[in-house]
Structures are given as structure tokens and as C-alpha cells.
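Just so we're clear, the structure is a prediction, and the values are computed from it rather than from any experiment. The figures that follow rest on heavy atoms only: side chains count, while hydrogens, waters and symmetry mates do not. Naming convention: chains lettered A, B, ... in sequence-line order (proteins, then strands); numbering from 1 in each chain.
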2 protein chains.
Amino acid sequence: MTDKQKASEAARERLRAVGLRPTRQRLALAKLLFAGPHRHVSAEQLHGEALRKKVRVSLATVYNTLHQFTEAGILRELVIDPGRSYFDTNVTHHHHFFFEGSTRLRDIPGEGVEVKRLPAAPEGTEVARVDVIIRLKDSPKRRKRSS
Amino acid sequence: MTDKQKASEAARERLRAVGLRPTRQRLALAKLLFAGPHRHVSAEQLHGEALRKKVRVSLATVYNTLHQFTEAGILRELVIDPGRSYFDTNVTHHHHFFFEGSTRLRDIPGEGVEVKRLPAAPEGTEVARVDVIIRLKDSPKRRKRSS
DNA sequence: CAACTAATTTAGAATTATTCTAAAAAATAT
DNA sequence: ATATTTTTTAGAATAATTCTAAATTAGTTG
Ligand SMILES: [Mn+2]
Ligand SMILES: [Mn+2]
Ligand SMILES: [Zn+2]
Ligand SMILES: [Zn+2]
């Protein structure tokens with residue numbers, strides 16, 4: 001079996017597992033998202049990729065699909081940048097480096113950070129998720145000695 | 001001296017300290033933001049409050065002012081909710097509870113959370129800020145015993 | 001398969017938050 | 001006062017996202 005076929009199988013199986021019909025669009029998007037290593041994509045980015053690969057799919061469907069995948073638990077939505085959401089194919093416990101001024105995100109393994117002494121969730125609520133975002137800026141090459 | 005006068009003085013002094021001209025609009029917004037206890041506001045919210053208090057100010061000026069205050073270090077911008085920024089009058093080190101499905105934020109004192117074993121910032125970058133967001137959901141009243 | 005029903009996709013309009021533009025107004029400096 | 005610089009503003013523009021309602025497609029049943 002070719003790699004392409006394997007990716008198709010995997011995508012089909014993934015949709016079946018979460019109870020979503022394996023439509024042409026969803027299969028194509030699932031392949032783009034889950035074929036290679038983990039990634040962080042915006043809706044526009046993914047839509048662009050699909051079009052480049054000659055997969056005809058509307059932007060509305062990309063949004064619908066990303067939200068369906070998120071609800072199904074095979075994607076995770078990240079809010080990090082004002083005015084744009086990212087979707088993360090890595091739904092295991094982990095945190096993020098964010099390079100300010102860019103759109104780049106890098107994973108930090110879940111064991112790589114410990115969040116200690118979390119206060120209890122307020123009465124009537126429970127913790128849905130803990131997000132740690134480490135915002136990075138370029139470090140100045142070298143500080144001039146002050147005059 | 002009345003409380004009102006004291007708030008005006010304080011606002012004027014705050015603007016002077018960061019080198020922003022004490023215009024009518026900036027003074028009014030500074031009073032709304034910094035008079036009482038710490039708060040988390042969106043631009044629209046603050047604009048609404050100003051209008052209710054008969055302070056005539058445009059929404060564009062509210063945005064300009066919030067960004068200027070942020071650059072000056074007397075506000076901090078929080079990205080938590082897709083499609084809307086909050087501005088935090090508490091610029092000391094602290095983290096947040098966020099009540100999903102609402103727009104409510106609650107501070108967690110900086111000492112209340114410890115982030116341990118942070119990996120080093122990648123080469124050429126340095127940590128600008130570490131944000132910890134604890135996303136809360138309503139806890140179910142009581143789970144029915146499974147049948 | 002054919003017919004049916006329910007789910008999905010889509011184009012395009014609408015909405016929302018935010019930013020931009022360029023002209024008027026206000027603040028400061030001379 | 002006059003001049004210079006900064007600020008404000010209305011309104012247009014932009015960008016991401018959501019909505020609507022009609023067309024298409026998938027799964028199901030006879
Ligand atoms: Mn969403
Ligand atoms: Mn901003
Ligand atoms: Zn990630
Ligand atoms: Zn806060």
C-alpha cells in the first residue's frame with residue numbers, strides 16, 4: 001500500500017472514530033492536518049494549502065470543519081494572537097512558545113513545565129484547561145555599555 | 001479635597017509620569033480605568049462607560065488610548081477570548097481565571113502560581129512574558145449514577 | 001439501483017472587532 | 001497671539017469569522 005493510501009485510510013478512520021461523515025472535503029482537510037508532524041494552523045492557512053493542492057473547498061467549510069474537529073477532540077483551539085485563532089493538531093498536554101510579532105508557535109512538552117500551587121477553581125466551576133503561553137521577543141544582539 | 005478632585009489629580013499625575021498630554025479624553029479614561037479596584041475591560045465596554053458618564057469620546061480614541069497606555073506600561077493587553085482583547089489595569093505579575101462562555105476574568109495573585117522547569121528561550125530570543133490562563137467551565141451539579 | 005431523508009457544502013451577505021485616513025480641534029511652545 | 005505639534009474624530013476600510021438559505025452529497029430503505 002502506498003503512503004498516500006495509508007494517509008487516506010488513516011483520515012477515513014479518524015473521521016469514523018469521531019462520528020463525522022467522510023466527505024471529500026473533510027478527508028482532504030484531515031489529510032493535510034494529520035499526515036505529517038503536529039502543526040498549528042489558522043483557517044486561512046489551511047484553506048490556502050487546500051487550494052494549492054487543488055482540493056476545492058470553501059473557507060466556510062474550513063471553518064466548520066476546524067470547529068467540528070475541535071469539538072470532537074482531535075484539534076485544540078489556541079487563542080494567542082489578537083484577531084486570529086490557531087488550531088493545534090497536538091491535543092496532548094503541552095504548552096507553547098509564541099514568537100511575538102510573528103505567527104510562529106512552538107510546542108513545549110507537557111512534562112517540560114510544571115504549574116504549581118494552582119488555587120482551587122471557584123465554587124461551582126472546574127478547570128477545563130490550563131494554558132501556559134511563553135511570549136518571546138528577539139533578544140538584543142548586545143547592549144551598548146551605557147555612556 | 002473631594003474624592004473626585006483626588007481622582008483627577010491622580011489621573012493627571014499618571015499621564016504626566018508616562019509623558020502623555022493630559023487631554024480631556026485621556027483624563028476621563030484614566031479616571032474610569034484607575035479610580036477603583038483593578039479591572040479587565042474591553043474597548044467597547046470602556047467606551048460604553050464613558051458615554052454613560054457623558055464623556056464625549058470616540059471609539060477610535062478609546063482604542064488609541066488603550067494602546068498608548070499599554071505601551072506606556074500602565075495597562076496590559078490580554079488575549080484570551082477569540083476576537084476581543086481585554087486590557088488589565090493590574091500590571092503586576094499575576095495570572096487569570098477565565099470563565100468560558102462568559103467574558104469574566106479573575107486575577108490570581110502572582111505568588112499563587114509557580115511555573116517550574118520552564119525550558120530556556122530559544123537562541124536569539126528572550127522571554128517577554130509568561131501567561132497562565134486557567135479556563136473554567138461550570139461544574140455539573142451532580143453526575144447521575146451511571147445506569 | 002431509485003427514491004428518500006438527513007447531513008454537508010457553498011456563495012455571498014452580514015457581523016464584529018479593530019485599524020486607517022485625513023481633516024478639524026486642542027495642547028503646548030514661542 | 002501665533003505657530004507648531006499632537007490629538008481627536010467621523011467615517012471608511014480591513015480582517016477574521018459567522019450566518020443564511022439554497023444546492024449538493026452521503027447514507028438509508030424499498
Ligand atoms: Mn471558535
Ligand atoms: Mn493591540
Ligand atoms: Zn501545540
Ligand atoms: Zn488581571
Side-chain angles (χ1 to χ4, degrees), chain A residues 8 11-32 40-51 54-72 75 77-87 101-103 105, chain B residues 8 11-32 40-51 54-72 75 77-87 101-103 105:
Chain A
S8 288
R12 188 171 290 275
E13 168 54 20
R14 209 179 269 265
L15 293 183
R16 210 196 43 69
V18 299
L20 290 170
R21 288 189 178 179
T23 64
R24 175 177 59 76
Q25 293 86 340
R26 291 209 276 234
L27 283 167
L29 295 175
K31 275 191 250 179
L32 288 173
H40 307 105
V41 280
S42 70
E44 288 279 3
Q45 269 168 36
L46 184 61
H47 185 233
E49 276 180 41
L51 297 189
K54 308 298 182 203
V55 174
R56 290 204 357 280
V57 57
S58 73
L59 184 56
T61 295
V62 172
Y63 274 105
N64 289 341
T65 303
L66 288 171
H67 284 131
Q68 289 155 357
F69 285 7
T70 300
E71 268 186 71
L75 283 182
E77 187 174 359
L78 301 176
V79 183
I80 284 191
D81 210 3
R84 146 192 279 97
S85 274
Y86 291 92
F87 293 86
S102 83
T103 71
L105 278 169
Chain B
S8 288
R12 187 171 290 276
E13 169 53 22
R14 208 180 270 263
L15 292 183
R16 210 196 44 68
V18 299
L20 290 171
R21 289 187 178 182
T23 63
R24 175 176 60 74
Q25 292 87 338
R26 290 209 276 232
L27 284 166
L29 295 174
K31 274 192 250 180
L32 288 173
H40 306 105
V41 279
S42 69
E44 288 280 3
Q45 269 168 37
L46 183 60
H47 185 233
E49 276 180 41
L51 297 189
K54 308 297 181 206
V55 175
R56 289 201 0 280
V57 57
S58 72
L59 182 57
T61 295
V62 172
Y63 274 104
N64 289 341
T65 302
L66 287 171
H67 285 133
Q68 288 154 357
F69 285 8
T70 300
E71 268 186 70
L75 283 181
E77 187 173 0
L78 301 176
V79 182
I80 284 192
D81 210 0
R84 147 190 280 96
S85 273
Y86 291 91
F87 293 86
S102 83
T103 71
L105 277 169

All N/O pairs under 3.5 Å across the protein-nucleotides 1-8 of chain C interface:
residue: C:dA7; atom: O4'; partner: A:Arg21; partner atom: NH1; Å: 3.3
residue: C:dT8; atom: OP1; partner: A:Arg26; partner atom: NH2; Å: 2.3

To the nearest 0.5 Å, atom CG of B:Leu105 lies from atom CG of B:Leu78 at 6.5 Å

d(CZ, A:Arg24; P, C:dT10) in whole Å = 6 Å

Under 3.5 Å between N/O atoms: give me all the protein pairs with nucleotides 15-17 of chain C, atom names plus distance.
residue: C:dA17; atom: OP1; partner: B:Arg84; partner atom: NH2; Å: 2.7
residue: C:dA17; atom: O3'; partner: B:Gly83; partner atom: O; Å: 3.4

Expressed in angstrom and rounded to an integer, what is the separation of B:Leu15 atom CG from D:dT6 atom P?
-> 17 Å

For B:His47, all residues meeting ring pair (Phe, Tyr, Trp, His ring centres under 6.0 Å), sequence neighbours excluded | none

Here the gap from B:Lys31 atom NZ to B:Arg12 atom CZ, rounded to the nearest 0.5 Å, amounts to 8.5 Å

What distance do B:Asn64 atom CG and B:Leu59 atom CG have between them, rounded to the nearest 0.5 Å?
-> 9.5 Å

Nearest 0.5 Å please: distance from the CG atom of B:Leu15 over to the CD atom of B:Gln68.
-> 9.5 Å

Distance, rounded to the nearest Å, where A:Gln45 contributes CD and D:dA15 contributes C1' | 15 Å

CZ-CG distance between A:Phe87 and A:Leu75, expressed to the nearest 0.5 angstrom | 7.5 Å

Between B:Glu77 (CD) and C:dT18 (P), how many Å, whole number?
-> 8 Å

Under 6.0 Å from the CD atom of B:Glu71, do we count more than 12 heavy atoms belonging to anything else shown?
-> no

Nearest-nucleotide wise, let me know which of B:Pro22 and A:Val57 is further upstream toward the 5' end of DNA chain C.
-> A:Val57

Spacing of B:Leu59 atom CG relative to C:dT18 atom C1', expressed in whole Å = 8 Å

Starting at CG of A:Leu29, measure out to CD of A:Glu49 and round the result to the nearest 0.5 Å.
-> 9.5 Å

Figure out the CZ/C1' separation between B:Arg56 and D:dT7, and round it to whole Å.
-> 15 Å

Provide, to the nearest angstrom, the distance between the OH atom belonging to A:Tyr86 and the C1' atom belonging to D:dA15.
-> 13 Å

Phosphate OP1/OP2 of D:dT17 contacted by A:His67 side-chain N/O (<4.0 Å) = no

Euclidean distance, atom CG of residue A:Leu46 to atom C1' of D:dT17 [Å, nearest integer] | 15 Å

Is it true that a side-chain atom of A:Arg24 and a backbone atom of A:Arg56 form a donor plus acceptor pair closer than 3.5 Å?
-> yes

